[in-house]
Amino acid sequence: MTSSPPVAISPTDHKDEIIFPQGEFWSDEPPLETNLHLRQILILIQCLEWAWQNKDDYFATGNLTVYYSPNQKKSEDFRGPDFFVVLGTTRNQERRSWVVWQEGGKYPNVIIEILSDSTAKIDRGEKKEIYQDVFRTPDYFWFDPDSLEFQGFTLIRGTYEPITPNEQGWLWSQQLGLYLGIHQRQLRYFTSDGELVLSPEEAATQAQQQLEQERQRAEQERQRAEQERQRAEQLEARLRSLGIDPNES
């Protein structure tokens with residue numbers, strides 16, 4: 001039987017007792033373990049930014065420290081999710097870390113951890129408990145780029161419950177309004193209609209391919225029109241050879 005989860009302390013709880021620390025709070029995360037981890041985090045950021053290019057009320061990043069000490073201390077209570085999204089905030093790209101008490105008490109709405117041999121146990125255990133009990137992050141996922149292990153949880157009455165996959169094995173994120181699923185050995189987003197959310201590079205390639213297809217169709221139409229013109233000229237010449245003026249009614 002588990003004890004009741006601790007209540008997350010917001011910045012307003014101690015505003016009369018604690019002087020907010022000043023200055024910069026730098027991220028304090030270790031280097032990523034492999035190129036697979038780096039590429040996975042980048043694709044999550046790039047695709048979401050491309051899908052939400054007209055939105056400016058969110059912050060999405062990776063391998064950045066979240067400071068959440070109830071005493072507003074950088075030296076205690078901090079974690080570095082591999083990827084997280086905060087909704088209802090600004091897209092300030094100059095943030096060097098996410099400092100909860102400087103961000104109106106906001107915690108991530110979505111967290112994705114990229115598993116590795118050295119972090120998997122913590123991601124499945126200690127971090128999951130922190131994200132559930134302290135952060136109260138509504139959607140939590142983890143993904144292993146080597147084994148392709150993929151699981152997701154949504155917060156229901158204060159407890160993480162597994163998200164049921166659809167027929168494709170994708171998991172729905174209510175916070176993002178998107179599915180998460182494996183595509184070509186990477187964790188990717190899919191729309192509610194099942195379309196892959198493209199990266200900027202993929203979107204540019206797709207646009208180029210569509211442009212080339214349109215060019216080919218236009219060329220085919222031009223060739224068809226030319227063939228019709230030649231057939232008409234041949235028919236006209238044949239009629240004239242028979243003494244028939246094709247222009248007479």
To the nearest 0.5 Å, atom CD of Gln53 lies from atom NZ of Lys55 at 12.5 Å
Apply side-chain contact (heavy atoms from CB on, under 4.5 Å) to residues Val85 and Gln175 and explain how you reach the verdict.
CA-CA 9 Å; Val85 181; Gln175 296 293 302; over 6 Å; no
Side chains of Phe190 and Val197: does their closest heavy-atom pair fall under 4.5 Å?
no
Which of Asp117, Leu115, Leu36 passes side chain to side chain contact (heavy atoms under 4.5 Å, CB included) with Asp146? It is Leu36
Is there a chain of hydrophobic side chains (I, L, V, M, F, W, Y, each step under 4.5 Å between heavy atoms) that links Val100 to Tyr140?
yes
Considering all heavy atoms, the nearest Gly158-Asp133 contact:
O-OD1, 4.5 Å
Side-chain donor-acceptor distances from residues 40-49 under 3.5 Å, at least two apart:
| unit_1 | atom_1 | unit_2 | atom_2 | d |
| --- | --- | --- | --- | --- |
| Gln40 | OE1 | Leu187 | N | 2.8 |
| Gln40 | NE2 | Leu187 | O | 3.0 |

I'd like to know if the side chain of Ser97 reaches the main chain of Val99, judged simply by a donor and an acceptor atom lying under 3.5 Å from each other, with no hydrogens or angles considered.
no
Within-4.5 Å side-chain heavy-atom neighbours: Val66 and Phe135:
yes
Answer yes or no: is there a side-chain heavy-atom contact under 4.5 Å between Arg136 and Tyr107?
no
At what distance, to the nearest 0.5 angstrom, does CZ of Phe59 lie from CD of Glu103?
8.0 Å
Tell me whether the rings of Tyr67 and Phe78 are parallel (<30°), tilted (30 to 60°) or perpendicular (>60°).
tilted
Spatial distance of atom CG (Leu180) from atom CZ (Arg188) [nearest 0.5 Å]:
11.0 Å
For the CD atom on Gln174, are there more than 12 heavy atoms of other groups (residues, nucleotides or ligands in this structure) within a distance under 6.0 Å?
no
How far does NZ of Lys127 sit from OG1 of Thr137, to the nearest 0.5 angstrom?
12.0 Å
Is there side-chain contact between Leu176 and Trp52, with at least one heavy-atom pair below 4.5 Å?
yes
Whether Asp193 side chain and Glu195 backbone form a donor-acceptor pair below 3.5 Å
no
Would you mind telling me which of Asp123, Asp82, Thr119 makes a side chain to side chain contact (heavy atoms under 4.5 Å, CB included) with Ile114?
Asp82
Minimum heavy-atom distance Trp170-Gly181, with the two atoms named
CD1-CA, 3.5 Å
Between Trp172 and Val110, is there a shared hydrophobic cluster once you connect ILVMFWY residues whose side-chain heavy atoms come closer than 4.5 Å?
no
Would you say Arg238 has more than 12 foreign heavy atoms packed within less than 6.0 Å of its CZ?
no
Would Phe141 end up clustered with Leu87 when hydrophobic side chains under 4.5 Å apart are linked, directly or stepwise?
yes
With the side chain counted from C-beta on, respond yes when Asn109 and Tyr58 share a heavy-atom pair under 4.5 Å apart, and no when they do not.
no
Per-pair distances, 0.1 Å, donor-acceptor, side chain in residues 147-154, under 3.5 Å, sequence neighbours excluded:
| unit_1 | atom_1 | unit_2 | atom_2 | d |
| --- | --- | --- | --- | --- |
| Ser147 | OG | Asp144 | OD2 | 3.3 |
| Ser147 | OG | Glu149 | N | 3.3 |
| Glu149 | OE1 | Arg124 | NH2 | 2.8 |
| Glu149 | OE2 | Arg124 | NE | 3.2 |
| Glu149 | OE2 | Trp142 | NE1 | 3.0 |
| Thr154 | OG1 | Pro138 | O | 3.4 |
| Thr154 | OG1 | Asp139 | OD1 | 3.1 |

Distance from Gln227 atom CD to Gln230 atom CD, nearest 0.5 Å?
7.0 Å
Residue pair Thr61, Phe84: steps toward the side-chain contact (heavy atoms from CB on, under 4.5 Å) verdict:
CA-CA 6 Å; Thr61 190; Phe84 67 87; 3.4 Å; yes
Supply the atom-to-atom distance Leu198 CG to Thr205 OG1, rounded to the nearest 0.5 angstrom.
9.5 Å
Flag the pair Arg79 / Ile130 as yes when at least one side-chain heavy-atom distance between them is below 4.5 Å, and no otherwise.
yes
Student check: side-chain heavy atoms of Leu155 and Tyr160 closer than 4.5 Å
yes
Is it true that the side chains of Glu113 and Tyr131 contain a donor and an acceptor less than 3.5 Å apart?
yes
Using every non-hydrogen atom in the two residues, find where Gly88 and Lys106 come nearest and quote the distance to one decimal.
O-CE, 3.0 Å
